[in-house]
Amino acid sequence: MRIEEIITGAICRYFTERSLPEPDQSLIQLQRTRKEFEGDITLVVFPLIRLLKKSPAEAGEELGSFLLQQPEIKDFNVIKGFLNLVVDSSYWMDFVTNSAADHNYGFAESPSGGTVLVEFSSPNTNKPLHLGHIRNNLLGYSISKILEANGKEVKKVNLVNDRGIHICKTMLAWQKWGENATPSSAGVKGDHFVGDLYVKFENEYRTEVRQLAEQGMAEEAARSEAPLIREAREMLRKWEAGDPGVTRLWEMMNGWVYEGFDVTYRSLGVSFDKIYYESETYNAGKAIVREGLGKSVFYSKEDGSVWIDLTRRGLDEKLLLRSDGTSVYITQDLGTAVMRQQDYDAEKMYYVVGNEQDYHFKVLSLILQEMGYDWAGSIEHISYGMVELPSGKMKSREGKVVDADNLIDEMLETAGELSAELGKLDGLDRDEKSAIIRTIGMGALKYFILKVDPKKNMIFNPEESIDFNGNTGPFIQYTHARIRSLLKKAGQQGIVPGKDIENDGFSLTVKEKNVSALLHEFPVIVAEAGKACSPALIANLMYEVAREYNQFYHDHPVLKEEDRGKRDFRLRLSALTGDVIKKGMDLLGIDAPERM
RNA sequence: GGUUCCGUAGCUCAGCUGGAUAGAGCAACAGCCUUCUAAGCUGUGGGUCCCAGGUUCGAAUCCUGGCGGAAUCACCA
């Protein structure tokens, strides 16, 4: 039984033995004892004094004395209404020994929570991925892992936005200025090749608009009547009509993009169970709109456009189908949602999408409710903050973006330089070396992103490279490598901790206890991270574990410890720390190397 | 303008279901490698937790009102 449960149970008993009403669980507040006081766990006495009708000091003393009956509680002190409890060393020793033997430590027993669907990534096929997409991908992948650790059967899905006017722009640009080049003939990664065409289009288009405006046309009219945009619209119309030539071009160019995306996805280490394409779901969306019209949930205006009135629910009217019958963003999202529900019948459908679309998801959820789907409530938008530059928001059209592939390359380069400088990987062959460098470089990048609360906007300064020291991925990876090295050495020296714990005759040092207590938190944090869909909680714990372990490691000999009991405990503690780091980092999608 | 989110050290971030004297890292400075990996450890300096009220035994945390910033309110996605 966990120490928190033991204490809570005992406190309840204290009340019942005095025929007092048992206090509500929320009144029994336990927290980690602050460093400056003696003890491991602290009970906040204030909430209980009303029931006890005693002063905080008095109540603390009495509860402390009572808790002393528990063999796990060794001592206590009361300071200003805080009851600091000293947990007996044997509790921590038992905990470490038992947990070290449990390969599943920290995770839910087995798939127990039903199927859950997580959508993330969802790129457009007209430009390469940037840092914002990196955050999305890392969050989605990590959240999927965390939900799995909480016992869910997780399906990772991607929804590729592969159709629409923006795709037609790149197609048109290729026809006009592409000179039949391909990514391989140009020696450019496919998604970048297509992205460059998109930029080319936007530049030419802007020039046209400017010229028209100079000729006296109104700005808005110029934007919609410029020859280039008319051509693009015409191409979209042809595409929707299934024109063979346009379709062939579309398939070819999207193919280039997918080849490029695959490379980036592999670098990031993300993968999907199923990929949906908007080109395959938007018709399903249109069908739903027709259905809604039939049910009078939606209505159409004279020009043929279809709307839903959400003013009763505090929102506005929302367009669902254009007057020309083509679909908008929400149309295909309705279709996708219904298709997924049919495909998986999941208890929850999470969408990892930026907070700029909060309104969109509010609307989506309301429409599904209005349509009367009983699963409408299973949709949940995991809204995350933007990645901003010191100068503000990233803007692809202005070239103010941090390109994903670029950034990854830079991370690997820096990791390589650092490793060479430190001479850590001397003597390894090239493949091993580059694998470790990749692990470290990507570890630095991923941790940098994931340690931040997903809900918050974050700032990335390209001028300052991502750190490899301090509160960073490599710091945690390093701690793991150290531990693995230590354990390997123990094996070589034939040191194997005995099965029985020899815990008589010594108690744990502060550092030993601190590390143990943090490892003890791991299952709690995994559960919280699952509820909050927040990898940052895991990241923060990993950092604390690594920092605390390094202090322990600095102060205590392990293999050189002469007392066998102490040595064996420290080895077990090290092994469990290594395992927890390995597992925790895996939840973040970060590898923990054997050496570095 | 309406709605939503945010404001903590020079910088990047923790802490926010109310709990003790608000914590880390980076940057700066000063130390620690003949001993299990120094990508480490130790120390010093650094704060009006945006402001003002309110609730409470207790507020960075909750409420109200300001100020500042962001997103959104498209027949864009």
Side-chain angles (χ1 to χ4, degrees), chain A residues 26 29 31 33-37 42 44-47 49-50 56 79-82 84 122 124 126 161 164-166 278 301 303-307 314-316 318-330 332-333 354-360 362-363 383 385-386 388 390 392-393 415 418-419 421-422 424 440 444 448 451-453 455-461 464 466-479 481-490 493 536-537 539-540 543-544 546-547 549-561 570-571 574 595-596:
Chain A
S26 67
Q29 293 177 17
Q31 54 190 239
T33 302
R34 295 180 67 109
K35 276 208 166 96
E36 55 267 38
F37 304 106
T42 294
V44 186
V45 186
F46 293 104
I49 57 176
R50 220 171 310 153
I79 298 169
K80 295 205 302 192
F82 294 89
N84 301 318
S122 309
N124 286 353
N126 67 330
N161 181 229
I165 190 74
H166 48 292
E278 192 190 318
K301 293 191 175 172
D303 62 4
S305 55
V306 180
W307 299 74
L315 302 179
D316 291 322
K318 179 79 186 174
L319 177 90
L320 299 174
L321 217 52
R322 293 194 187 97
S323 49
D324 65 1
T326 56
S327 65
V328 289
Y329 183 41
I330 195 114
Q332 62 86 13
D333 251 359
N355 62 13
E356 55 194 353
Q357 291 186 29
D358 285 355
Y359 182 76
H360 172 77
K362 213 178 278 177
V363 170
S383 168
M386 301 287 96
E388 287 171 2
K393 202 185 168 189
L418 260 169
S419 293
E421 219 173 275
L422 295 168
K424 294 269 186 181
I440 297 168
F448 176 83
K451 75 167 184 200
V452 180
D453 181 348
K455 291 201 298 282
K456 291 193 172 174
N457 287 3
M458 62 181 291
I459 293 182
F460 174 78
N461 188 346
E464 302 166 9
I466 293 174
D467 259 301
F468 285 70
N469 296 320
N471 186 357
T472 67
F475 169 77
I476 299 163
Q477 291 173 317
Y478 172 74
T479 309
R482 259 183 158 180
I483 290 170
R484 298 301 304 162
S485 163
L486 180 73
L487 295 177
K488 213 184 302 163
K489 212 155 264 181
Q493 293 175 20
L537 300 179
N540 289 339
Y543 174 62
E544 282 189 273
R547 195 166 47 118
Y549 181 84
N550 278 321
Q551 290 171 19
F552 155 81
Y553 182 91
H554 182 265
D555 293 352
H556 302 309
V558 179
L559 301 179
K560 294 196 171 75
E561 172 58 50
R570 287 174 188 171
L571 262 177
S574 299
R595 60 169 293 182
M596 66 183 270

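A note on names: the letters A, B, ... follow the listed sequences, proteins ahead of strands, and every chain is numbered from 1. Bear in mind the structure is a predicted one, so any value in this text is a computation, not a measurement.
Judged by ring centres under 5.5 Å apart and planes tilted less than 30 degrees, A:Phe46 stacks against the six-membered base ring of B:G19. An aromatic stack links A:Phe82 and the base of B:A20, using centre distance under 5.5 Å and interplanar angle under 30°. Evaluation of A:Tyr553 against the base of B:G40 yields no stacking contact (centre distance < 5.5 Å, interplanar angle < 30° required).
With both pairing distances under 3.5 Å, B:G25 is matched to B:C11 as a Watson-Crick or G-U wobble pair. Shown here, B:G68 forms a base pair with B:C6; the pair counts as Watson-Crick or G-U wobble because both key distances fall under 3.5 Å. Applying the Watson-Crick and G-U wobble criteria (two distances, each under 3.5 Å), B:G58 pairs with nothing in any strand. In this entry B:U17 has no Watson-Crick or G-U wobble partner, no candidate having both defining distances under 3.5 Å. Across every strand in view, B:G47 sits unpaired, with no contact that passes the Watson-Crick or G-U test at under 3.5 angstrom.
In this model, a side-chain donor or acceptor of A:Asn84 finds a partner on the base of B:A20 within 3.5 Å.
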| query | Once each nucleotide of nucleotides 26-31 of chain B is scored for protein heavy atoms under 4.0 Å, what B/S/- sequence comes out, 5' to 3'? | reply | S-----
| note | Each nucleotide of nucleotides 72-77 of chain B classed B (base within 4.0 Å of a protein heavy atom), S (only sugar-phosphate) or -, in 5' to 3' order, makes SS-BSB
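Residue A:Lys489 has a polar side-chain atom (N or O) positioned under 4.0 Å from OP1 or OP2 of B:U37. Residue A:Gln551 places no side-chain N or O under 4.0 Å from the OP1 or OP2 atom of B:G40. Remark: A:Lys451 is not in phosphate contact with B:A24, judged by side-chain N or O atoms under 4.0 Å from OP1 or OP2.
Among the nucleotides B:U21, B:C16, B:C13, the one closest to the side chain of A:Val452 is B:C13. When distances are taken from the side chain of A:Arg547 to each of B:A24, B:A38, B:G19, the shortest belongs to B:A24. The listed nucleotides are B:C11, B:U37, B:A14; the one nearest the side chain of A:Asn540 is B:A14. Here B:A22 is the nucleotide among B:A22, B:U35, B:C41 with the atom lying nearest to any side-chain atom of A:Arg34.
A:Thr479 and A:Asn550 form a side-chain donor-acceptor contact under 3.5 Å, judged by distance and modelled atom types alone.
A glycosidic torsion no more than 90° from 0 defines the syn conformation; B:C6 lies beyond that range and is anti.
Legend: residues meeting salt bridge (charged side-chain N to carboxylate O under 4.0 Å, His left out) with A:Glu356, ordered by chain and number and at least two apart, are A:Lys393.
The aromatic rings of A:Phe475 and A:Tyr543 lie tilted to each other, with the angle between the two planes from 30° to 60°.
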